[in-house]
Each structure stands twice: as C-alpha cells, then as structure tokens.
2 protein chains.
Amino acid sequence: MTDRLARSARQQRARLRDVAEAAGTSTKTASRVINGDDRVAAETRARVEQAVLDLGYRPDPLARSLRRGLDETIGVVVDEVGDPFFASVIGEIERMAIDRDVSVIIASTRRREERERIVLDGLYQRRVAGLIIASISDNHAYLRHSSCPLVFIDRAAEDLAADAVVVDDRGGARMAVEHLLRHGHRRIAYIGDRLSTATARHRLLGYRDALDGAGIAADDALVAEVEPADGDAGVAAEELLRLPAPPTAIFSANTRCSLGTLPTLHRLRRTDLGFVSFGDFAMADTLTPAITIVDHSPEAIGRLAAERLFSRLAGDEPPVETIFAPLRIVARGSGELAPDRPRP
Amino acid sequence: MTDRLARSARQQRARLRDVAEAAGTSTKTASRVINGDDRVAAETRARVEQAVLDLGYRPDPLARSLRRGLDETIGVVVDEVGDPFFASVIGEIERMAIDRDVSVIIASTRRREERERIVLDGLYQRRVAGLIIASISDNHAYLRHSSCPLVFIDRAAEDLAADAVVVDDRGGARMAVEHLLRHGHRRIAYIGDRLSTATARHRLLGYRDALDGAGIAADDALVAEVEPADGDAGVAAEELLRLPAPPTAIFSANTRCSLGTLPTLHRLRRTDLGFVSFGDFAMADTLTPAITIVDHSPEAIGRLAAERLFSRLAGDEPPVETIFAPLRIVARGSGELAPDRPRP
DNA sequence: GCAGACGAGGTAATCGATGTCACAGCGGTG
DNA sequence: CACCGCTGTGACATCGATTACCTCGTCTGC
C-alpha cells in the first residue's frame, strides 16, 4: 500500500523491486521469472507474474543494457536517410525489427569517412546488438574486433570477413550495357558515382566488360564520375552531349545519377537517347519514354540483411557469406531505343 | 600500468574510474571536470583532462542516461520510414541532430494507433530527451504528462497544447483547387488519404472551400478516399474516369496518392487531365506533362521541428505554438491544362 | 545413515556514471 | 581565539537490473 503510494508519488513506472515486494520474493527471483529461468517454483512464478501484470511492470531497457552489456537495438548506418534507395532499405529493416521488438537507430555518414567512424563509435557505445552498414570506407581495421555482428549492405567490406548483402555490381552493369549494345548502340556513356566507392568501381568494370565483349574500344571521354548528391549528373550529361562524337546512349550507374540526369535530358529534349538506369525509382515507368532499369530491389536487400543479422543475434553461426540480391533487367522503353531514332 | 594492462586485457574502453586513477583523484572529481563543474582547482582539472586525453575516455551514454534519467537521444515517430516525404523530413532532422551530438531513434507507426502507443512507450522507456511525432491518433491523453518536450509534425495534436509544425492543409488544398478552377475546370476530383487522419480532413475541407468559392456544388462521387500505401489510388482514378460525368481534373491530396495515380493516368493515356499534387516528388517536373504541385517542403518541416525541439531542450520556453511551414504552388504544366484539351 | 546432488531462493557485488553530504583547510571577523 | 563560510575534495549511495555465489532443505544412492 505504502509502496503503491510511493510509486504514484514518484509518478514513475514499477521497478523490479516493486514487483518483488508485491510478490513477496527477492528481486533475484522476480528477475528469474521475467527472464524465463525455469528454476522457480510454479507457485512463486505465478505470484510474480501476477505482480507484473498488476503493476504493469516492464524492465528498464537502459538498466538492462548497462548490466548485460548489450542493447536490444540494432544500428543501421547509411549514406543518407533521405536517399530513396536507403529509405526503402531502412523501411524494410525496420519492418523486420518490429516483429522482434528490437529498436533501430539510424545514422548517416553523409558519405564521409570520418563521420563513419564517429557514428559507428557512437553506436558501439550504445552497445547495439548488431549493425547493418553501408560503408563508404575501404579500411575496416577498426571494425575487426567488433563486439557485435555486422552485416554490410550495398558494398561488401573487402578487408574484413563479414556478412554482406550486395548486388553483383559488375554483372549488373554488364547486363545493362549489353542490353544497349543489343539494341544497336556503339557509343555508350557511363555516368556514375565517384570511384572512391567500391560499388562505383565495380559497375565501371562491368561497363567495360560489356564493351570489351562487343569488341568496342573504351573511350574515357564517355565516362563521367560525379557526386550524385549535387546536380552534377545533369551537368555531366550535358557535357557528354556536347562532345564531337556524342554518345547515343547513357548507362546511369545508380539511382541518384538517374534522378539527376533525366530532368536534364528532358529539358534538352534529348529523350531519343538510349538510357538504362542501375536502380529503380518512383515514376521510372511513367516517364516518356519509360526508363529501362537493372533492378536491385532495396527491400530485398534490407530483408536479406536483416534476416542475416537476426539469425546471428539468435545465436546461429552460419559461415560468413556474401549474399547477392537478385538482379534483373526491366525493359520499359528507354533502353530499347535504336541509336538512329530521330530526335523528338 | 597494471591498470592499463587490465584495460587492454578487457579490450574495453576507459571508464571514469580509470581516468580518476590516472589523474590521482576520486571518480567524483573526475566527473566534475567532465561535466564542467567549476569547483575544481585548475591544477586538478588539468590532470584529469590530460588523463581523459591519454586514455581516450568518453563517458558511457547508457550509464549516464540511467543515472541522469535522460538520454542524449531524440525519437522521431512517423508513418513509414520509406515514405519519401518522411524520409526527407527525417534526413533533415538527423542533419540537425548531428551538429548537436544527439542521436536519433526512428520508429514508424505503420499508421496504426496501437503501434503508435507501443513505439512511444518504448521511446519513453529509453528516456529520450525529446520527441518529434507525426501522430495518427486523435487521442493524446496519454501524452499529456509527457516527461519530455514534444513537437508534432504534419498533423497538430488537437487535444494537446504542444508545439507543432504543419502546413496549412486547408489553405493549401484550396490554393491547389483554385488553380485548377482558374484554368477553366469545373468538375474536379479529389483523391486523398483516409479521412481518419486530420490532415486528410483538412485538405478535403480546402477542396470544398474552393468549390464553394466558385459557386460549384460539391459532388461526392468525385471524392475518393483511399489507402495510399496500396495501389488504391490508381484504381480510384480509373473509377473516377468511368463515371457518367467524369472529372476534367484531379486534385491529389498527397504525394503517395500522386505516385499511385499518375502511372495509371499514363497507362490510360489520360494525360490530358488537369492534375495538381499536394506534395512534390522526384521526377514530378520531368513527366510529360510536368506535374504542378503545392509544395510543402519536407526539409523545411524537419528543420523547423528540430529547431523547435532543440530550443526547448536547451531550456528555452517559448509559448506553445503551431508553426506553419511555407507553402507555395509550383506551376509546371499539368495544372494549367484547359479542360477541353484533346486527348493525346 | 550419511555424502552429495539438486531444486528453490536469497545476498551482495556489479555495470558506469552522478547526486548527497560530510569534511579538511583557510581567510576573515567580532 | 573561537567561529563562520567558502573552496576543493572524496566516501558512499543510487539509477534499475543482472550475475556470482551462497544457503537451506530434501531426495537419492550406496
């Protein structure tokens, strides 16, 4: 009674101690019941459970994490939360986390290595149970002794044995460019992310693979490396079209580049160009012409990564693996335009 | 020395105790230095600061939160992380949080009231310092005694005196519909979110205001209330067009409805319809015709909400206020089509 | 009949930091 | 000279839960 008053005076939740007192046991026994330890007499267990219900007790996650050294939280580190690709990935991860009563802390690197360190450090300090990381760094030495499972997404860590969920960047890029080649294009430009990220490098290799396969000499003037966050992709497209021997088709190596390039092409009325985008985006199938894509479903990546992480958190120890998310080409129009098509 | 070995054997970070020992003081004094308490002799302070640097000490956020009853974390609750509107809002909030060394926990309600309770409860248990909420519930009684500052976004809490950053839903909708009226449309359809959310109700009111102002009788057959997460918006559009007296223009009351409706209109080759979207989206200006919008910049909302929250966290106590994010119409083509335009 | 296993439960230390309170020294004051 | 108040400091309790270790019966096997 007094106790209940004390609680209400404090305006606070019930603590384990309150439960124990209400059930007439020690906190240890109450803790056993709550954590499903079976060395508790059925009758005692029942009393504790009743007290939990009566008091609406729920363990304090902070105190629990402090003691256990582990939090019921996973961290997700991406380039930028607002990026549609990552927004979808995160959405899917969160969906899976919800089912497991795990919270998700999001942090973005803004594509800067030093920030990557900082945010990871912060997440470790919070004792996250696991991490899903789209790393932009090439050096993961500082993660080697990670105290929690890691799953890399979008880009595998080449210097670290850790799970990763990626797409076959090289193969996908090759697929995209071969598609354009099949439709008769011979001068195909590449617009992609800075080559400081491994993803970009692989996609550029795939682009070259395809050209090699068709016996076409690579022309560096057709390769544009841009910062996709800015409006650079559109500018790059404009420059490509001003070349003495301009391309008849463009392969855009990621979604943000596509979002940057297409408004420019439309403004210049150059929708006669062949175009394939690595990565889908809203309205891609509603533009005129609709945009042919190589699709690496962000939801699938999020799901696979989360599944892997939760499986490790549950104690499974499958061998470290790089999982390739399925990849396919979706022909919608822009990739099937012949090179000699008249300009609109 | 022994201590340093012990630390490295533990493979762990330095604790306050390690700092205190290294500086030859008590933990309390070390704590004083770290928290900027000025009742410490300059020389002692210097020793502690040196120890902090030597050991690379950083306080454990968990332990600190437990003791202080307050975490350096803010919670953000939205419908759905993957929603482009909220993704941008979150991106902006996070950007501001970074500057203040505050972490952000994201939770989504999936538009279900019971989940809203659950996630908020979870965030409170984590002792978040503040909350930014896009609430879907109409009943906020359980938030009345919130232990931390709240800022509502997108939808104000009508039953609670709390800060909110919203757009003038009614005025914006009216603006959009008046735009279509000015271009000669008389039968204008409304496609919007379920009326269970206040936002949707206000936008529908604005739509009616505009029609009233033009002396046009409202026709309920032209009003479609859909679940924007599904493909319902497209279906609704199709049904509207099959009416005996179909609309010549559509006002889409939110981004997701636009993303659902437009592919359908394009598929049906009904791009002759007038169209205004409440909310911008990628490629809106690249479609043919480009989409006229009423823009409620998600970044602005995120920034204003975060500014407000951080100002309260810093101890400011401005009067509770509902802030209206700026709203403007961006004419791009689809809203300026005359009703008698031939179909493509 | 007794050693040891086992079941049920409790006590106290611990996680890492901070709040409370007491205390030693010192200069000033009546 | 005794007392006051201030400064700088530390011992110890505390936040809420978990873990290491111990106790006390009772049951089993020899």
Side-chain angles (χ1 to χ4, degrees), chain A residues 3 6-7 10-49 51-52 55-73 122 124-127 129 147, chain B residues 3 6-7 10-49 51-52 55-73 124-127 147:
Chain A
D3 182 56
R7 275 213 308 125
R10 277 190 286 119
Q11 283 276 356
Q12 279 175 15
R13 327 183 81 91
R15 295 158 308 169
L16 184 60
R17 189 194 304 175
D18 301 317
V19 171
E21 278 175 25
T25 73
S26 71
T27 59
K28 177 59 213 175
T29 300
S31 169
R32 286 202 180 93
V33 172
I34 283 151
N35 293 323
D37 187 326
D38 50 352
R39 296 155 180 269
V40 178
E43 193 233 341
T44 313
R45 171 185 308 278
R47 281 210 317 280
V48 172
E49 280 167 352
V52 166
L55 278 66
Y57 170 78
R58 286 180 38 205
D60 184 314
L62 243 57
R64 177 177 266 186
S65 304
L66 176 62
R67 186 67 249 248
R68 292 216 280 226
L70 200 74
D71 199 1
E72 290 280 293
T73 299
Y124 276 118
Q125 283 227 357
R126 302 192 80 85
R127 295 172 176 65
S147 48
Chain B
D3 182 55
R7 273 214 308 127
R10 277 192 285 119
Q11 285 275 357
Q12 281 177 15
R13 329 184 79 90
R15 298 158 303 170
L16 184 60
R17 183 152 80 205
D18 302 317
V19 171
E21 277 175 26
T25 73
S26 71
T27 59
K28 180 61 212 177
T29 299
S31 167
R32 286 201 181 94
V33 172
I34 283 151
N35 294 323
D37 187 326
D38 49 353
R39 295 155 179 268
V40 178
E43 194 232 339
T44 314
R45 171 185 307 279
R47 282 208 318 280
V48 172
E49 280 167 352
V52 166
L55 279 66
Y57 169 79
R58 287 179 40 202
D60 184 315
L62 241 57
R64 181 175 262 188
S65 303
L66 176 62
R67 186 68 250 248
R68 294 216 278 225
L70 200 73
D71 198 0
E72 290 279 293
T73 299
Y124 275 119
Q125 283 227 353
R126 302 193 79 87
R127 296 171 176 67
S147 48

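Note: hydrogens, waters and symmetry copies are ignored here, and every other heavy atom, side chains too, is used. Computed from a predicted structure; not experimentally measured. Just so it is clear: chains get the letters A, B, ... in the order the sequence lines come, proteins before strands, and each one is counted from 1.
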Legend entry - side chain to side chain contact (heavy atoms under 4.5 Å, CB included) assessment of B:Thr29 paired with B:Ser26: CA-CA 5 Å; B:Thr29 299; B:Ser26 71; 3.4 Å; yes

Legend entry - N/O (side chain, A:Thr29) to phosphate O (OP1/OP2, C:dG10) under 4.0 Å: yes

Legend entry - With A:Arg64 via side chain to side chain donor-acceptor pair (under 3.5 Å) - residues at least two apart: A:Asn35

Legend entry - CD (B:Glu49) with more than 12 external heavy atoms under 6.0 Å: yes

Legend entry - Spacing between A:Arg126 atom CZ and C:dG16 atom P, to the nearest angstrom: 16 Å

Inset, instruction - With the side chain counted from C-beta on, respond yes when B:Leu16 and B:Ile34 share a heavy-atom pair under 4.5 Å apart, and no when they do not. - result: yes

Inset, instruction - Please work out which residues in residues 36-44 of chain A have a non-hydrogen atom less than 4.0 Å from an atom of DNA chain C and list them by number. - result: A:Arg39, A:Val40, A:Ala41, A:Thr44

Inset, instruction - Rounded to the nearest 0.5 Å, what's the gap from CZ on B:Arg127 to OG1 on B:Thr73? Could you check? - result: 12.0 Å

Inset, instruction - Please list, chain by chain and in numerical order, all residues satisfying side chain to side chain donor-acceptor pair (under 3.5 Å) with A:Arg58, sequence neighbours excluded. - result: B:Asp121

Inset, instruction - Find the bend of the helix from C:dG1-D:dC30 to C:dG30-D:dC1 as the angle between its two terminal axes (five pairs each), to the nearest 10°. - result: 60°

Inset, instruction - Could you check how far CG of B:Asp71 sits from C1' of D:dG16, rounded to whole Å? - result: 15 Å

Inset, instruction - Write down the distance between CD (B:Gln125) and P (D:dC15), rounded to a whole number of angstrom. - result: 17 Å

Inset, instruction - Report the distance from atom CZ of A:Arg127 to atom P of D:dA17, rounded to the nearest whole Å. - result: 17 Å

Legend entry - Per-nucleotide protein contact string for nucleotides 17-22 of chain C (B base, S sugar-phosphate only, - none; heavy atom under 4.0 Å): BBBB--

Legend entry - Length of the CG-P vector between A:Leu66 and D:dT19, whole Å: 12 Å

Inset, instruction - With heavy atoms under 4.0 Å as the rule, sort B:Ser65 into base, sugar-phosphate or nothing. - result: nothing

Could you go through residues 39-46 of chain A and list every donor-acceptor pair under 3.5 Å that involves a side-chain atom there, pairing it with any protein atom two or more places apart or in another chain?
| residue | atom | partner | partner atom | Å |
| --- | --- | --- | --- | --- |
| A:Glu43 | OE2 | A:Arg47 | NH1 | 3.4 |
| A:Arg45 | NH2 | A:Asp37 | O | 3.1 |

Inset, instruction - Return the minimal non-hydrogen interatomic distance between A:Ala63 and B:Leu66, and the atom names on each side. - result: CB-CD1, 3.9 Å

Inset, instruction - In whole angstrom, give the distance that lies between atom CG of A:Leu62 and atom C1' of C:dG16. - result: 12 Å

